[in-house]
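Keep in mind the model is a prediction, meaning the values are calculated, not measured. Each chain gets a letter, A, B and so on, in the order the sequences are listed, and its residues count up from 1.
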There are 4 protein chains.
Amino acid sequence: MTTRIGFIGLGAMGLPMASNLQRKGFAVTAYDIDPAKVAAVAALGATTAADVAQAARGQDIVITVLPATQHVESVVLGPDGVLAHIDPQAVLVDLSTIDAKGTDRVAALCAERGIAFADAPIGRLALHAERGESLFMVGADDATFARIEPALKAMGTDIFRCGAPGMGSRMKLINNFMLLSTAQIVAESLALGTKLGLDVQIMHDVTGATTARNGQFHVLMVNKALKGDTSPGFTIDLAFKDLTLAMNAAAEQRVGLPMGAAAHAVFGGARAGDYASKDYSALLDLACERAGIPTPRMEG
Amino acid sequence: MTTRIGFIGLGAMGLPMASNLQRKGFAVTAYDIDPAKVAAVAALGATTAADVAQAARGQDIVITVLPATQHVESVVLGPDGVLAHIDPQAVLVDLSTIDAKGTDRVAALCAERGIAFADAPIGRLALHAERGESLFMVGADDATFARIEPALKAMGTDIFRCGAPGMGSRMKLINNFMLLSTAQIVAESLALGTKLGLDVQIMHDVTGATTARNGQFHVLMVNKALKGDTSPGFTIDLAFKDLTLAMNAAAEQRVGLPMGAAAHAVFGGARAGDYASKDYSALLDLACERAGIPTPRMEG
Amino acid sequence: MTTRIGFIGLGAMGLPMASNLQRKGFAVTAYDIDPAKVAAVAALGATTAADVAQAARGQDIVITVLPATQHVESVVLGPDGVLAHIDPQAVLVDLSTIDAKGTDRVAALCAERGIAFADAPIGRLALHAERGESLFMVGADDATFARIEPALKAMGTDIFRCGAPGMGSRMKLINNFMLLSTAQIVAESLALGTKLGLDVQIMHDVTGATTARNGQFHVLMVNKALKGDTSPGFTIDLAFKDLTLAMNAAAEQRVGLPMGAAAHAVFGGARAGDYASKDYSALLDLACERAGIPTPRMEG
Amino acid sequence: MTTRIGFIGLGAMGLPMASNLQRKGFAVTAYDIDPAKVAAVAALGATTAADVAQAARGQDIVITVLPATQHVESVVLGPDGVLAHIDPQAVLVDLSTIDAKGTDRVAALCAERGIAFADAPIGRLALHAERGESLFMVGADDATFARIEPALKAMGTDIFRCGAPGMGSRMKLINNFMLLSTAQIVAESLALGTKLGLDVQIMHDVTGATTARNGQFHVLMVNKALKGDTSPGFTIDLAFKDLTLAMNAAAEQRVGLPMGAAAHAVFGGARAGDYASKDYSALLDLACERAGIPTPRMEG
């Protein structure tokens, strides 16, 4: 029997994911505030929903992919939101990257009403979503996971179980804290190295062959700022939001983060001007600008 | 004709390297202040030198592998040092990790006397040196490089040309700045993630599949602190020395390093107590200690 | 005619302030969740209120002194709170230190209902409140200020007008950001100086005679940690809350705070253990502990 | 009997100090590499020295005021330097701000030769030197101090004994670490406060009345950057040198300085451009520039 999926949120991530589900044999009912996005999925055979309620009702699984905590709270928990309309035997899966405490609130309200819930934030980019190669960090119990696994596999290649509901959001927080802080180290290293007269290709090759190797230099930067491309991607504003989630979690957990604090200050300062809306790989441009040198470039 | 190599400094790195050279057909004359080390290479057929002068004289190549700038300056530049005895047509190759300005002084004095010089700091560990799998970051002109390449290939698998003499030391500085700073980010991430209830194996697997992936977590930590092994390796004291080289270079180049400064402060603080002589992966122990939790462990 | 004052919140600050108002001729109606505190003011002739509503009704001025944003929101804005009962011609004065956006919400709701409002956070300690020597940072329009000035003067000696409603809270945020960050600089300086062999009395006297002079060393530390007294005062937990307000404001304003971030990380780390509930001057103990030395002491 | 003083180094500090000594009855023999400076003191009746040797010979006290460690080492310890010519019963007093280990080397060589030595770095500005109101941080034994005290009193009003030779330099290091780090906190506070809409005069007055009060805001900034004057004074380059002395001392003493590291990174970054040669109060301009606002101004 075909699995029915209500899909809410057709942004840069949601649209290709909903499309992949429909293409791979799921019966998708799609909703977004932008009707053009809904039409794009409908063109693949999906059902059109006029509002959240219609997308939530009568589904086996309801998936939400929304920009931030407040959107999840209003779309899911609001008076005419998902929880008000979802079938009691359905599963709610939130793929949004939000505050772990926001996830906990959704999870608690689902538990109260006996609705199965999983958080499964996404660990890769829109281009991976298009190829069906997303990575998911899943917080779910075994039974719930078994019910959503086929849908996740239709959208992604790497499905990681991180623990109970809420642990997906926590894993995402740690993942992004680690990678965003590392990006700034790469920016400082390349600015200093360039000033010392080192060629960026050599820095790339040498660090790529030692334990200095990291995805921010060897995957992100080479494809973005080092090519002169700082179109987002993942903006400094959004990256700052994620670092702030980490700082808040650290505050709550009573953990000091000396490097995290320094990174937070750099991202925070970068937001004062034009950098706010650039890809966060533009930290390299900022570091070079402050060092008084042009950003080094690597040929593709 | 067999290439004659004077090899000075038979420590953790120098001993296996000199041994590999001798085994692979070079005629090594070995010297170290510790006669037991010299005897070990002699047992493989190498010639024994009684002092620096004897090791330096009558060679095609003289190789030095010494702990710090002051040792290079005294062994190479001192009154009875390498430069006082080396043949005018020989090449001097310094594999030590030292201050780039120290390298520049050696290079300048070699240039003055018409002696070919290369700096080629080592980018991997003693275990790689034993297997002949070292990585070298070479600062040398083309003619000099051609003359030393066979010897480097007898000791290592990855030979990177970084520019003129002095650029090897600069590349090493950037490489270590990047990896040491990243180690502390990993420590903070794992301490926070553990307090949030995440399993370290899951953090490992997820970040390993995103651009958070880095050699400090996925190569260093899993083999050291996460196994409960913080025997050096590379001590926090030595790591701090390397970070200080980066801070000094940044000062000279008028580059601010916000993350580097934070890392320098953490390593600096770690040196107050027992951590000084531990492997720098013990930063994870320190972060967990300060967070009030036991260090997480991964099974091999 | 005697000015009638409803006074809500009789903690370390509120109790001596309400007492001073009653002693100096104001007709105080006092309320606190702790009846013993209410009784203490009643003993001076004040009227006892059984709840917030009773304290708010029929007054010329209603003063609130509460621990944090959420208390102000519930006591003032809650269904049976101050705004539900205050006379339309009365003034509401909030002396609490809270999030400036919390103050803005209260101010906006007062404006909607035509109730005059002032925020006037307190800039000194409980001991000053007892002596009637408090400092107030007032956000209020001219007319409102004129009506509350006599009451403020009965409680304090230094009344600063900082601008429109909300600017008192913003001034408090900056004041505490500056002093708390400075405290950590003093801690680092004294730890390093002590390790260098300098006597703390000499450090005190010399810096006191240069532009290094500051209230954290020359007023706070000499009266607290340098005397071995780290009983709160102002706990590290509360200080961290204030630094977090500054970090959040900086995030919103798109300002990077490199020193603020470092301070936030230190206070944050200090909260992991016993330091959380100590006076923030205990940062000196923490810095010395980490430096491996005993905290220096000065004789009173 | 008139005390004979050889005075070497007639820069911004040395010239007014030598002049004051001559005016107040000491018999000064003055030397500087700039003959115009020597002539200026000679015009007050001082004897002219043609070189260091002449200034050093036949004196009761020899005073040096030089820019940095290397100048002290060459002028004092060099082959034709002070130590080669000073009378064995004379006292050498170094007023320069230099690396404490440089001071230790001078002290050790004096001790070897039985020459009394004191280090007495200066804690105020050129304008104070002109008025004879300097502050000295003196490292000296009792007998030596007794011999130099009258001369110090002719140049300054605040003479602090900090311990044995070398402790003057260490005190100066701590003093400047404390004040320079505090300057950046003031810069961040004022940038944030201004963005929050606070008037700088109000920030000045309020923090001046709490324990946030500090000499960097209430003495330095109000007289320099807040008046639009960032002519040096004390350049960011020199301030960075002093912070580097503190970082080096901390490294040696195995003390981590989280705030110091952040300050060092900010000063370091400021040196990339035009700020290098401005007064360090220009940190306020830098913080405001990065926050995207004009620097606030206070009327004198």
Side-chain angles (χ1 to χ4, degrees), chain A residues 100 123-124 135 137 158 160-163 167 170-171 173-179 181-182 184-186 188-189 191-193 195-199 202-203 205-207 209-217 219-220 246 249-250 253-263 265-266 290-292, chain B residues 100 123-124 135 137 158 160-163 167 170-171 173-179 181-182 184-186 188-189 191-193 195-199 202-203 205-207 209-217 219-220 246 249-250 253-263 265-266 290-292:
Chain A
R124 291 199 181 120
L135 177 154
M137 311 173 198
D158 296 74
F160 290 98
R161 295 198 59 188
C162 301
M167 298 314 282
R170 284 168 174 81
M171 184 63 239
L173 179 157
I174 292 299
N175 185 72
N176 281 16
F177 172 66
M178 196 184 286
L179 71 86
S181 301
T182 303
Q184 174 59 15
I185 287 178
V186 172
E188 295 181 13
S189 300
L192 177 56
K195 263 205 134 166
L196 287 169
L198 289 163
D199 185 88
I202 288 164
M203 291 192 273
D205 294 351
V206 170
T207 58
T210 73
T211 57
R213 183 177 190 90
N214 67 78
Q216 295 303 294
F217 187 1
V219 180
L220 174 78
Q253 297 295 330
R254 298 175 176 277
V255 176
L257 300 177
M259 301 289 278
V266 172
R290 292 201 172 160
Chain B
R124 293 200 181 116
L135 178 154
M137 311 174 198
D158 295 74
F160 290 98
R161 295 198 58 189
C162 302
M167 298 313 282
R170 284 168 174 82
M171 185 62 240
L173 178 156
I174 293 297
N175 185 71
N176 281 16
F177 172 67
M178 196 184 288
L179 72 84
S181 300
T182 303
Q184 174 59 14
I185 286 180
V186 173
E188 295 182 13
S189 300
L192 177 56
K195 262 205 136 168
L196 287 169
L198 288 163
D199 186 86
I202 288 164
M203 292 192 274
D205 295 350
V206 170
T207 58
T210 74
T211 56
R213 184 178 189 89
N214 68 77
Q216 295 304 294
F217 187 2
V219 180
L220 174 77
Q253 296 295 330
R254 298 176 175 277
V255 177
L257 301 177
M259 301 287 280
V266 172
R290 291 201 172 161

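With respect to chain B, the highest number of heavy-atom pairs below 4.5 Å among V219(A), V266(A), L257(A) belongs to L257(A). Between chain A and the residues G256(B), G163(B), A263(B), the most heavy-atom pairs under 4.5 angstrom are made by A263(B). When the candidates N176(A), L220(A), D205(A), V186(A) are compared by the number of heavy-atom contacts under 4.5 Å with chain B, D205(A) comes out ahead.
If you measure heavy-atom distances from D199(B) to chain A, you find no contacts under 4.5 Å at all. Using a 4.5 Å cut-off between heavy atoms, V206(A) contacts chain B through both its backbone and its side chain. Using a 4.5 Å cut-off between heavy atoms, M171(A) contacts chain B through both its backbone and its side chain. With a 4.5 Å cut-off on non-hydrogen atoms, L135(A) touches chain B through its side chain but not through its backbone.
Under the side-chain contact (heavy atoms from CB on, under 4.5 Å) criterion, M167(B) pairs with L198(A), C162(B), R170(B), sequence neighbours left out. Taking R290(B) as the reference, nothing meets the salt bridge (Lys or Arg N to Asp or Glu O under 4.0 Å) condition, with sequence neighbours excluded.
If you take CZ on F177(B) and OG1 on T207(A), they are separated by 13.0 Å, rounding to the nearest 0.5 Å. Considering OG1 of T211(A) and CE of M178(B), their distance stands at 11.5 Å, rounded to 0.5 Å.
For the pair L192(A)/L173(B), a side-chain contact is recorded, criterion being any heavy-atom separation below 4.5 Å from C-beta on.
Panel note: side chain R161(A), backbone I202(B); no donor-acceptor pair is recorded below 3.5 Å. Remark: the backbone N or O of A209(A) is paired with a side-chain donor or acceptor of R124(B) at under 3.5 angstrom. Looking only at distances, no side-chain donor or acceptor of Q184(A) sits under 3.5 Å from a matching main-chain atom of M259(B).
Of all non-hydrogen atoms in P258(B) and A262(A), the two that sit nearest each other are O-CB, 3.7 Å. Contact detail for V255(A) and A291(B): the closest heavy-atom pair is CG2-CB, 3.9 Å. Of all the heavy atoms in K195(B) and R254(A), the pair that sits closest is NZ-O, 4.0 Å. Considering every non-hydrogen atom in both I185(A) and T182(B), the closest pair reads CD1-N, 3.6 Å. Here the closest non-hydrogen pair linking S189(A) and I174(B) is O-CD1, 3.5 Å. The shortest non-hydrogen separation linking N175(A) to A212(B) is OD1-CB, 3.5 Å.
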